[in-house]
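Have a look at the structure below before the remarks.
Note that the structure is predicted; figures quoted are calculated from it, not measured.
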Amino acid sequence: MTHHRQSYTPFLLAALLMWVAVGCGENASEQQGDAAEPAVLRFADTGIEGMEEMRLAFGPFVERMQELAGVPVEFFPVSNRTVAATALQHGQVDIVLAGPTEYLFIRSKQSVVPIVGIERAQYFTVFIVPADSPAQTLADLKGKSIALKDTGSTSGHVVPSGMLMEAGLDIERDVTIQMLGNARVEALLNGEVDALADGIRVWEEQVQKRAPGKFRILAQSPPLPRDVMIARAGLPLPVVDRLRSRMLEDGDQLMEAMLSPRQREKYRGARFVPVVDSDYDAMRRTHEALGLPFDQ
């Protein structure tokens, strides 16, 4: 059977393809830092909560970061994006690795400075349907049930909702959306829903492996916004500039250090790239169109 795949670049998502190749285009007011160089840099990841988990996932990466920064780098665990935003605001943490939605939430609360982005090799949303589904376009999903991940998930909620809207569907009336979290793949495999929208890795690592030939990709999005390393607004500008420059220059070795514990496999094949706040404007517009606050 020929797999029919549809690629969308609508106005809500088109800017996801537009990456501005500059590394320091923030407003001067956002980059005014404290005069004194910090004695230590504290690093957090919005996706990892415990100290031991941080050490396992980022030990070699932090060691390499210390060499690039020229000062010690310490772990600062945070339980979620709200805690990360508060810690940045009060100067308890200096650098945070955040996903696109986490970045938008933090940025909506305060001025922070993007340092570098992480461009994944495979990071886009796909709609998956049974191989024998009559659907050939997203518009054909009218009247059908669709499994999504979690509210606010970039690849598993925000982007697929925007794609459905661009296909002319009213996501409140024309389709039945089910936010199924970790049960979403099982729901598709068991025939409990007509389609699943999620990141490409779910297709490759779960659906294809567990049910080869029984499902196909109906549509896929443009590449999604990058994860981003952000600095608190009070971090001295020379420190931010030095980190940005050295992280981009040493990107291959730094990414190798991030991957070596095999705890961050989603970044396999990824690279550090320049990033600016305007890269996330399309995500902002999609959130607004959905009436979805960044903290949900």
State plainly whether the residues Arg232 and Asp94 are in salt-bridge range, i.e. N to O under 4.0 Å.
yes
Can you check whether Val126's main-chain N or O pairs, donor with acceptor, with Gln220's side chain at less than 3.5 Å?
no
Side chains of Tyr267 and Asp227: donor-acceptor distance under 3.5 Å anywhere?
yes
Backbone N/O of Lys149 and side chain of Ser153: donor-acceptor pair under 3.5 Å:
no
So, Ser260 versus Glu256: side-chain donor-acceptor pair below 3.5 Å or not?
no
Do the side chain of Arg271 and the main chain of Glu119 share a donor and acceptor less than 3.5 angstrom apart?
no
Do Val159 and Leu224 come within less than 4.5 Å of each other through their side chains, counting heavy atoms only?
yes
With sequence neighbours excluded, give me every ring-ring contact (aromatic ring centres under 6.0 Å, His included) pair touching residues 59-78.
Phe43-Phe61, Phe58-Phe61
Answer yes if the side chains of Thr125 and Ser155 hold a donor-acceptor pair under 3.5 Å, and no otherwise.
no
With a 4.5 Å cut-off on side-chain heavy atoms, are Leu104 and Arg284 touching?
yes
Test item: Leu235 and Val113 side chains (from C-beta on) under 4.5 Å apart, heavy atoms:
no
Just to verify, which of Asp279, Thr46, Asp277 counts as forming a side chain to side chain donor-acceptor pair (under 3.5 Å) with Tyr103?
Asp277
Run the salt bridge (Lys or Arg N to Asp or Glu O under 4.0 Å) test on Glu249 and Arg244 for me, step by step, so that the C-alpha distance in whole Å, both residues' side-chain angles and the decisive distance to 0.1 Å come before the verdict.
CA-CA 9 Å; Glu249 291 173 0; Arg244 179 182 293 119; over 6 Å; no
Please output the side-chain donor-acceptor pairs of residues 169-182 that fall under 3.5 Å, not counting sequence neighbours, one pair per line with the distance.
unit_1: Asp170; atom_1: OD1; unit_2: Glu172; atom_2: N; d: 2.8
unit_1: Asp170; atom_1: OD1; unit_2: Arg173; atom_2: N; d: 3.3
unit_1: Asp174; atom_1: OD2; unit_2: Asp170; atom_2: N; d: 2.7

Main-chain N/O of Gly152 paired to Thr101 side chain as donor or acceptor, under 3.5 Å
yes
Please enumerate all residues that pass side-chain contact (heavy atoms from CB on, under 4.5 Å) together with Gln89, with sequence neighbours excluded.
Gln110
